[in-house]
Amino acid sequence: MKTIYSSAREAVAPIEDGMTLMVGGFGLVGIPEQLILALVEKGVKDLTIISNNCGIDEWGLGLLLKEKQIKKMIASYVGENKEFERQALSGELEVELTPQGTLAEKIRAGGAGIPAFFTPAGVGTQIAEGKEIREFNGKEYVLEESLTADFSLVRALKADTFGNLIYNKTAMNFNPMMAAAGKVTIGEAEEIVEAGELDPACIHTPSIYVQGLLQAEQEKRIERLTTR
Amino acid sequence: MKTIYSSAREAVAPIEDGMTLMVGGFGLVGIPEQLILALVEKGVKDLTIISNNCGIDEWGLGLLLKEKQIKKMIASYVGENKEFERQALSGELEVELTPQGTLAEKIRAGGAGIPAFFTPAGVGTQIAEGKEIREFNGKEYVLEESLTADFSLVRALKADTFGNLIYNKTAMNFNPMMAAAGKVTIGEAEEIVEAGELDPACIHTPSIYVQGLLQAEQEKRIERLTTR
Amino acid sequence: MATANSRELIARRAEKEIADGDYVNLGIGMPTLVANYISPEKTVVLQSENGLLGIGPYPTEDEVDPDLINAGKETVTASTGAAYFNSAESFAMIRGGHIDVAILGGMEVSEKGDLANWMIPGKVIKGMGGAMDLVHGAKKIIVIMDHVSKKGEPKIKKTCDLPLTGKGVVDKIITERGLIEVTPQGLVLKEVFEGYTVQDILDATDADLTIDVRE
Amino acid sequence: MATANSRELIARRAEKEIADGDYVNLGIGMPTLVANYISPEKTVVLQSENGLLGIGPYPTEDEVDPDLINAGKETVTASTGAAYFNSAESFAMIRGGHIDVAILGGMEVSEKGDLANWMIPGKVIKGMGGAMDLVHGAKKIIVIMDHVSKKGEPKIKKTCDLPLTGKGVVDKIITERGLIEVTPQGLVLKEVFEGYTVQDILDATDADLTIDVRE
């Protein structure tokens, strides 16, 4: 039975200035909306954020950016956000761009107790500069180290009271690896059900990775509505 | 739409002497029973087998052992099999024992294009002899290389005609990683259903990893029947 | 710059590189168009690196699910036999060599098959997304792009001037003018498209080209 | 060798090392017994490294599912709130430090916390299974074993003679005679169990012991 917070504010209470946070989502899909809003409200500063993207100007992690709460961003693609551009170019914001698969694997490794691994992505590019390159079976690979976080904030479709999580469609994305790589992981779920209601064969994040839960409605803003 | 074999014999036809095979299962749970029997019937020799265990004397991979079809065994625990003991001690059988988590991760890495990774398991023991040791954050880790196979033989509860697989309870074990790490993967399923019948959010092995399917009934022998 | 017409021509030619039964990743932009031309005779499964195997058509208004997007962040549907998974699994598929064909856009390609398609120094840095993983994972990497830049400068060059996405990774280049293969012996022009001559292509290419055009 | 009685005593004492809410891995053999003594006041989730979080009681005859076993290959059930997963995920949990307590058997433990529990040279090699991963992953490693071997020789020693499972990995040792903590300053005897004296333990231990027994 995990802690179930009564508000997003309560959930983010232990998050302090200078901490490293992983925040789930791909674009605006699968982001923990209310936890992000609570971080903005709390005004916590100097955060290092690990997330595939950095939201848009008016939603998601873009809101933290606007309030200058982010010191450093580790991401793979940040092209949707004008304020990001401005802060990155002016040097206010430190940026570490990482190939998307390497980012996913660094986070997966962090949760899995693998401190480093070799990957082909980035070999021969500026991403590999200063990193160890080694050949295996005639191909070159770069050594990448794992990532962990003080807190991971993830967004689920359903949680059970034990902390098992399932995600909706492509809202899964980085959430499961981040749930495993956070020292403390808070799952923001659209619905919290009794333990036993989720199919044990279809759990995306087993309860062991989750420390706290928040039930919260999601706006689910759409970045690029495309229809037939 | 994947090749659906009409018999186990047909499925293993392309498997040749000297090949490396991954075979799913933990103990006798989740082993591809009919594919193993077909390998015995085919009499293919000098196999390198990667599997957590090596069956028992009268079932599973133990049958291949009995017919001396295995040249080398890569496994984590082989204590259930007298013939294994005999062949290992006499030097007929080459044995590479690997910590279970390292074995799972080496196979996962093989399927995921990661040629090598660092792990703490085995540091300071004979498992790490001759391997690179490196310190990360004050703790020592050993470098382990990935494993792949010419063929992976896995056992599923259900397959769909696209090749998506789901596994039953703890019969999942090594099967999903092996499915990804085989150049050719054959899924032996208790049932093959039409594409669209499996829930896309509950697929354990996405179809991209599977080249061929066999529908076959399973005996599911029990090694240690324990009841209340 | 490619006209709507030339974009369609490129996409149609790229489609021919896809075989029945292939698993394919289409990059953002022009590569996404290829999906529109996939022959109904072929079973092709499209992978989206944000965690979907089996991209279906764009949704009707009623079908729109904000939680179901492609890597370009467009709302999509899932096709029959689809599977959802996390980003680590998605790039395991990519990096592990399970994708048969990746079709990507390009800014520059060198005669050794180096690809640059993720940043222009001095301009805003957006990030490489999944491109650096894709170029090392898929069995066949096809770059589709305009033959020359907006300023009319060759994009196929002896060496890339822009920061690389990957070194020695491209198998084929398809532009509105023709199809070029990257071989250990260098670039080989294999096809010249309607409205262009071999000389047009040589003039617009800043690298050595072996001509091996079948009539 | 431990009697049924002493095995129960050890298992009961080991249970006290488990806190409410803990995720626990119990090794094969005597450690499995600990499950029988877990207080109903505690919510404890047992992990089985073959891919189950939430081991339930042994099944009734009707409940037996050949596809549902624990790491000792015994048929089991799954408890409410359980999850199934693959072996890589299972050892990600273990290696990644997510298991609160692992309780393992031991052949020898050294005064530095080295553990040997997987092979005896010259005897048949069975393999280490998951032991080498477990000793590096769980937050607390507790070894439960007989204080002396069948021949009466100490199993707690200055250094292990048997091949190691892990170096400097053990936190506590519980035997039928007492409880010993492994600290940076060496072994500390913290508890002496009924029927034994401090001297009994010193006599049966081949390593330096600091005595810090609270009454």
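In the text below, chain A, chain B and the rest are named by the order of the sequence lines, each starting its count at 1. In this text the structure is predicted, and so the values were computed from the model without any measurement.
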> Which heavy atom of B:Phe162 sits nearest a heavy atom of C:Tyr23, and at what distance?
Replying inline: O-OH, 3.9 Å

>> With a sphere of 6.0 Å drawn around CG of C:Asp20, does it hold more than 12 non-hydrogen atoms of other residues, nucleotides or ligands?
In response: yes

>> Are more than 12 heavy atoms, taken from residues, nucleotides or ligands other than C:Lys112, located less than 6.0 Å from that residue's NZ atom?
In response: no

>> Within the supplied structure, the quantity of interest is the number of heavy atoms (other residues, nucleotides, ligands) at a distance under 6.0 Å from B:Lys2 NZ; does it exceed 12?
In response: yes

> Looking only at heavy atoms, what is the nearest atom pair of C:Gly81 and B:Asp160, with distance?
Replying inline: CA-OD2, 4.2 Å

> Is it true that atom NZ of C:Lys172 has more than 12 heavy atoms of other residues, nucleotides or ligands lying nearer than 6.0 Å?
Replying inline: yes

> Considering only heavy atoms, which portion of C:Leu52 lies under 4.5 Å from any heavy atom of chain B: side chain, backbone, both, or neither?
Replying inline: neither

> How far apart are the closest heavy atoms of C:Ala82 and B:Pro200, and which atoms are they?
Replying inline: O-CB, 3.4 Å

> Looking only at heavy atoms, what is the nearest atom pair of C:Ala83 and B:Asn164, with distance?
Replying inline: CB-OD1, 4.0 Å

> Considering only heavy atoms, which portion of B:Ile208 lies under 4.5 Å from any heavy atom of chain C: side chain, backbone, both, or neither?
Replying inline: both

>> Take a 6.0 Å sphere around NZ of B:Lys220 and say whether it holds more than 12 heavy atoms from other residues, nucleotides or ligands.
In response: yes

>> Under a 4.5 Å cutoff for heavy-atom pairs, which residue among B:Cys202, B:Ala109, B:Pro206 has the most contacts with chain C?
In response: B:Pro206

> Do you know the tightest heavy-atom contact between B:Ala112 and C:Arg95?
Replying inline: O-NH1, 2.8 Å

> Which atoms form the tightest heavy-atom contact between C:Tyr84 and B:Ala201, and what is the distance?
Replying inline: CD1-N, 3.8 Å

> Side chain, backbone, both or neither: which part of C:Glu89 has a heavy atom under 4.5 Å from chain B?
Replying inline: both

> Given the options B:Gly111, B:Gly196, B:Gly163, which has more heavy-atom pairs under 4.5 Å with chain C than any of the others?
Replying inline: B:Gly111

